[in-house]
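Note that the structure is a prediction, hence the values are computed from the model and not measured.
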Amino acid sequence: MGSRKARPTNEGGSTGSGCHYGVRVSEFVLRNVRIVGLGDGPGWAGPVDVVVEQDAVQNIGHGVEKPLGIEEYDADGRWLIPGLWDQHVHLAQWTAVGQRLDLSGSESPEHVVVRVRDHLAGHAGPLVGFGHRLGTWRTEPTVAALDAVAPDVPVVLIAGDAHHAWLNSRALPPREGVVAENEWYDAYTRIELVLEPDLSPAAYRRTLERAAALGITGVVDLERGQTPADWEQRESPVRVRVATYADGLDATVAAGLRTGDRLPGSPELVTMGPLKIISDGSLNTRTAWCCQEYADGSGVGAPNQSSAELAGLLGLAHDHGLEVATHAIGDLALQEALAAYDVAGAVGSIEHAQLVTREEVATMARLGLRASMQPAHLLDDRDVTELIWPDRAERCFAFRWMLDAGVTLALGSDAPVSPLDPWLAVAAAVHRSADDRPPWHPEQALTPREAIASSVDGHGSVHAGMPADLVLLEADPLQDDGDSGDQASRLRTMPVTATFVAGRLVAGGI
Ligand SMILES: [Zn+2]
């Protein structure tokens with residue numbers, strides 16, 4: 001895409017040395033840019049000029065006058081959207097995943113064991129793997145099988161949905177099968193200490209720079225086991241909303257931190273996020289809490305806390321100015337969560353909302369709760385859903401129902417469960433297929449416009465008065481030839497020219 005480099009126009013004696021990452025250029029005019037229409041209004045027909053001053057978009061129009069002393073760039077007719085957000089990220093795990101053995105696509109426990117054996121033949125332990133999914137496996141993973149190929153070094157294999165891990169005896173003695181849900185979450189923090197992924201400020205920065213290069217200007221970090229003080233050491237090129245879990249709620253309340261407050265001592269782009277609650281399990285682990293039994297006879301799943309505990313947490317958070325992000329994958333978990341939000345008057349989001357009823361969607365709309373959903377999960381969960389929830393597949397990833405009911409959709413990745421890539425999420429929402437098969441329940445698909453509008457933190461089209469979190473694209477993301485597969489593959493590989501946060505270039509260049 002280097003053939004169409006935008007260039008400074010050098011009018012008014014500006015030196016026009018170009019705008020490069022690391023240089024603080026927060027005031028400029030971007031000429032000749034197409035505003036991608038994401039809202040309901042008529043929008044701008046042709047290329048316009050956009051004036052950025054004081055970290056915000058100040059003016060948009062044709063042939064606008066350049067304020068004195070600021071830079072000017074020619075966007076050469078490229079397309080402009082608000083900065084993209086990933087509303088559900090586990091930043092530490094995503095940073096660590098880049099340092100782990102990739103076990104995605106493993107077809108069986110035996111396949112995983114072979115990959116572990118091969119890896120250990122060339123590397124000294126300990127070994128951390130990531131990405132296997134046991135949803136469609138026909139045999140059970142056993143500790144004995146791992147011990148046979150790794151008797152001496154700790155081996156920890158974290159599932160692709162992060163809800164369980166398969167460990168050998170050296171990592172966590174002694175048991176027969178996998179470690180799931182709360183037991184796994186408790187173990188995770190201890191295991192992290194032993195395995196020491198590089199979670200230095202530099203490693204975080206690299207992770208966030210990779211995200212910025214894809215057009216990300218903000219993430220909601222739902223990582224477990226961190227405190228606001230951890231962010232004092234870190235730098236971030238993008239906005240970060242940092243969640244707390246129940247175990248950090250008292251300290252958050254004592255510090256007087258409310259959702260949206262800047263974290264004391266942290267970079268200015270880092271703010272307090274929501275309280276995160278994981279109210280039930282996951283589909284693959286068969287722990288998502290459902291109204292009806294799973295088709296394979298594995299029960300109805302289970303809640304991770306009592307209704308009273310859930311209501312108590314929501315009430316406490318809401319009374320102290322915190323939004324709440326509640327994980328609910330099964331429809332019964334969602335029903336319980338909605339009842340608790342209703343009683344507490346709490347605000348925020350339902351995370352995943354993977355299996356819903358129309359009645360629940362209407363309740364979400366009435367309560368003003370966002371649906372924080374991860375479209376790429378449907379690519380991974382399609383087959384296992386048909387296997388264990390065949391009677392309810394049409395109620396999964398119900399994006400269309402959400403928009404029809406007036407629920408605000410907020411897309412994300414749940415990285416590391418799927419990659420931190422907003423274009424993968426948008427493409428999956430539009431096409432609902434990862435392969436040659438036709439889209440899965442296409443009646444629930446979004447248009448490219450709806451999918452992108454659900455990824456910009458509610459800003460709609462770029463407009464005067466919004467923060468200058470902006471993404472310049474090489475191609476028209478709304479190009480429509482009527483084929484959702486073609487649209488999805490174009491969106492999946494959308495070339496990003498430049499990403500600005502608060503008017504500052506953080507990735508790419510013009
Ligand atoms: Zn998550």
- Message: Do Arg224 and Tyr185 form a cation-pi contact, if we require the NZ or CZ to be under 6.0 Å from the six-membered ring centre and within 45 degrees of the ring's axis?
- Response: yes
- Is the shortest side-chain N to carboxylate O distance from Arg490 to Asp481 below 4.0 Å? yes
- Message: If we check side chain to side chain contact (heavy atoms under 4.5 Å, CB included) with Pro82, which of these qualifies: Ile452, Leu38, Thr217?
- Response: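 Filter result, single survivor: Leu38.
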- Give, for atom CG of Leu157 and atom CZ of Arg100, the distance between the pair rounded to the nearest 0.5 Å. 11.0 Å
- Message: Is the distance from the ring center of His132 to that of His164 below 6.0 Å?
- Response: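 Ring centres of His164 and His132 closer than 6.0 Å.
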- Task: Run the ring-centre check on His327 versus His163 and record whether the distance is less than 6.0 Å.
- Result: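 Yes, ring centres under 6.0 Å apart.
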Would you please say whether a donor-acceptor pair under 3.5 Å links the side chains of [X] and [Y]?
X      : Y      : answer
Glu351 : His88  : yes
Ser282 : Asp161 : yes
Glu443 : His441 : yes
Asn284 : Asp381 : yes

- Message: Less than 4.5 Å apart, side chain to side chain, heavy atoms only: is that true for Met272 and Thr252?
- Response: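 They are in contact (side-chain heavy atoms under 4.5 Å apart), so the answer is yes.
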- Query: Under 3.5 Å, side chain of Asp483 to main-chain N/O of Asp486, donor-acceptor pair present?
  - Reply: yes
- Message: Would Tyr204 and Trp231 count as a ring-ring contact (aromatic ring centres under 6.0 Å, His included) here? Give the steps.
- Response: CA-CA 10 Å; Tyr204 265 78; Trp231 279 92; 5.6 Å; yes
